[in-house]
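Quick notes on the structure that follows.
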Amino acid sequence: PDPPETAAVATDAPDYEAKMTAVLKDFCESGDLSRIKGVIRHADQLGGIVEDYYRGTAPPRNTIVQARLPSNSMFLSPLESSLLRVLLTFEGGAQRDIMLEWVGGEAKVDWGHWVCYNPVPVADFLDPAGQAGAEHEFRLVGRLPAKYRTSKRFPEIRYGCVVFQDKGHDGRDFEAYVLRDTELHDQVMACLAEKIDKPLIVKLLRHSDKTKGGAGIEVTGMVTEGWVRARPAAAAPPQGD
């Protein structure tokens, strides 16, 4: 079936549209942690992470005025596994994208995408006094710099330079470097080739100034373009999907 233009409640709305509306209201309007956990992807793995994230404060409540499916939002069928981008407009005019996944005829929200969840705060990861050799996956916004940013540890002849920002938390820009002549370098550069800000999930390793070669951030893995992980990691429970 063609996707609905809006998710407004209607007595004659298709069943899948009514389900989507109910999920969006539970997630955005209820302010109820148990209801939120009931409508997110991978809730069995993320329940504790979500509870910790909201510990000491109730989830925000935002009244939805409209839920619209942009023309580039892919929708196969509510009976097929598919990701769906929905543009929400709230009271006051604020707008946010939200990602839904249809699984077994049920809509689930990608909570990690919504809050730009990272397993550790980016600011803590970048802290020079933090743990040396720390390696984590992060949801970030990346772009290519106008010119290579000099690094003693990562000479331009061997490394490519990328600029990242923790967009979900208005973080500052920081540089990271990826080894040239590798599949990883080709993946990262292809993702950012259009020279515009792109959301992506990458694995980063932080070298301290006490290690041989000095301080710096190295890209050690390209997880996915965008902030939605297609499936849980096979080796361990995902952090923030």
Problem - Nearest heavy atoms of R153 and P155, plus distance in Å - result: O-CD, 3.2 Å
Problem - Heavy-atom pair of closest approach, residues V120 and F125 - result: CG2-CB, 4.3 Å
Problem - Any donor-acceptor pair under 3.5 Å from Q165 side chain to G171 backbone - result: yes
Problem - Same apolar cluster: L205 and M222, side chain cutoff 4.5 Å - result: no
Completion exercise
So CZ of R55 and OG1 of T57: to nearest 0.5 Å the spacing works out to 12.5 Å
Practice task
Return yes if some donor-acceptor pair links the side-chain N/O of E29 with the main-chain N/O of I64 below 3.5 Å, else return no.
Solution key: yes
Practice task
Would you kindly confirm whether L24 and L87 end up in one hydrophobic cluster when ILVMFWY residues are joined by side chain heavy atoms under 4.5 Å apart?
Solution key: no
Problem - Residue pair C161 / P145: nearest heavy atoms and the distance that separates them - result: O-CD, 3.3 Å
Handout entry: Flag for T220-E135: side-chain donor and acceptor within less than 3.5 Å
Key = yes
Exercise for the section: Starting at CZ of R180, measure out to CE of M189 and round the result to the nearest 0.5 Å. Expected result: 6.5 Å
Completion exercise
Value for CD1 (I40) from CG (L100), rounded to nearest 0.5 Å, stands at 13.0 Å
Problem - Hydrophobic cluster membership, L126 vs V162, 4.5 Å side-chain cutoff - result: yes
Exercise for the section: Would you indicate whether D52, at its atom CG, is surrounded by more than 12 heavy atoms from other residues, nucleotides or ligands within a distance under 6.0 Å? Expected result: yes
Practice task
In plain terms, say whether R172 and D166 are close enough for a salt bridge, that is, a side-chain N and a carboxylate O under 4.0 Å apart.
Solution key: no
Practice task
Give me the ring orientation class for Y54 and W111: parallel if the planes are under 30° apart, tilted from 30 to 60°, perpendicular past 60°.
Solution key: perpendicular
Exercise for the section: Check whether any side-chain N or O of R35 sits under 3.5 Å from a backbone N or O of D26 as a donor-acceptor pair, and report yes or no. Expected result: no
Practice task
Apply the test salt bridge (charged side-chain N to carboxylate O under 4.0 Å, His left out) to residues R143 and D173: give CA-CA distance (whole Å), side-chain angles for both, the deciding distance (0.1 Å), then the verdict.
Solution key: CA-CA 10 Å; R143 70 177 188 276; D173 286 356; 2.8 Å; yes
Handout entry: T182 (side chain) donor-acceptor with L179 (main chain) under 3.5 angstrom
Key = yes
Handout entry: Donor-acceptor contact present, side-chain R158 to main-chain V178, <3.5 Å
Key = no
Exercise for the section: Could you tell me which non-hydrogen atom of H113 sits nearest to which non-hydrogen atom of D97, and how far apart they are? Expected result: CE1-O, 4.1 Å
Exercise for the section: Indicate yes or no: at least one non-hydrogen side-chain atom of V115 is less than 4.5 angstrom from one of Y53. Expected result: yes
Problem - F27/W114 aromatic ring centres below 6.0 Å - result: yes
Problem - Polar side-chain atom of N118 near backbone of R139 as donor-acceptor pair, under 3.5 Å - result: yes
Practice task
For K203 and F138, indicate whether the former's side chain and the latter's backbone hold a donor-acceptor pair under 3.5 Å.
Solution key: no
Exercise for the section: Report whether V163 and L192 are members of the same hydrophobic cluster (ILVMFWY, side-chain heavy atoms less than 4.5 Å apart, transitive linking). Expected result: no
Exercise for the section: Report yes if the distance between the aromatic ring centroids of Y117 and W227 is under 6.0 Å, otherwise no. Expected result: no
Exercise for the section: Please examine the side chains of L204 and F164, heavy atoms only from C-beta on, and report whether any two atoms are closer than 4.5 Å. Expected result: yes
Problem - Residues R41 and E101 bridged, charged N to O under 4.0 Å - result: yes
Exercise for the section: Without swapping roles, check the side chain of S30 against the backbone of D32 for a donor-acceptor pair under 3.5 Å. Expected result: yes
Exercise for the section: Please tell me if the side chains of F90 and C28 come closer than 4.5 Å, counting only heavy atoms from C-beta onward. Expected result: yes
Fill in the blank from the handout: NE2 (H42) and CD1 (I49) are apart, to the nearest 0.5 Å, by 11.5 Å
Handout entry: E51 with K37: basic N within carboxylate O range, under 4.0 Å
Key = yes
Completion exercise
Scanning both residues in full, the closest heavy-atom pair of A176 with V219 reads CB-CG2, 3.8 Å
Practice task
Indicate yes or no: at least one non-hydrogen side-chain atom of Y177 is less than 4.5 angstrom from one of S151.
Solution key: yes
Problem - Spatial distance of atom CG (L83) from atom CG (D110) [nearest 0.5 Å] - result: 7.5 Å
Practice task
Take atom NZ of K198 as the centre, draw a 6.0 Å sphere, and report whether it contains more than 12 heavy atoms from other residues, nucleotides or ligands.
Solution key: yes
Handout entry: Spatial distance of atom CG (L84) from atom NZ (K108) [nearest 0.5 Å]
Key = 15.0 Å
Practice task
Search all heavy atoms of G142 against all heavy atoms of L200 and return the closest pair with its distance.
Solution key: N-CD2, 3.5 Å
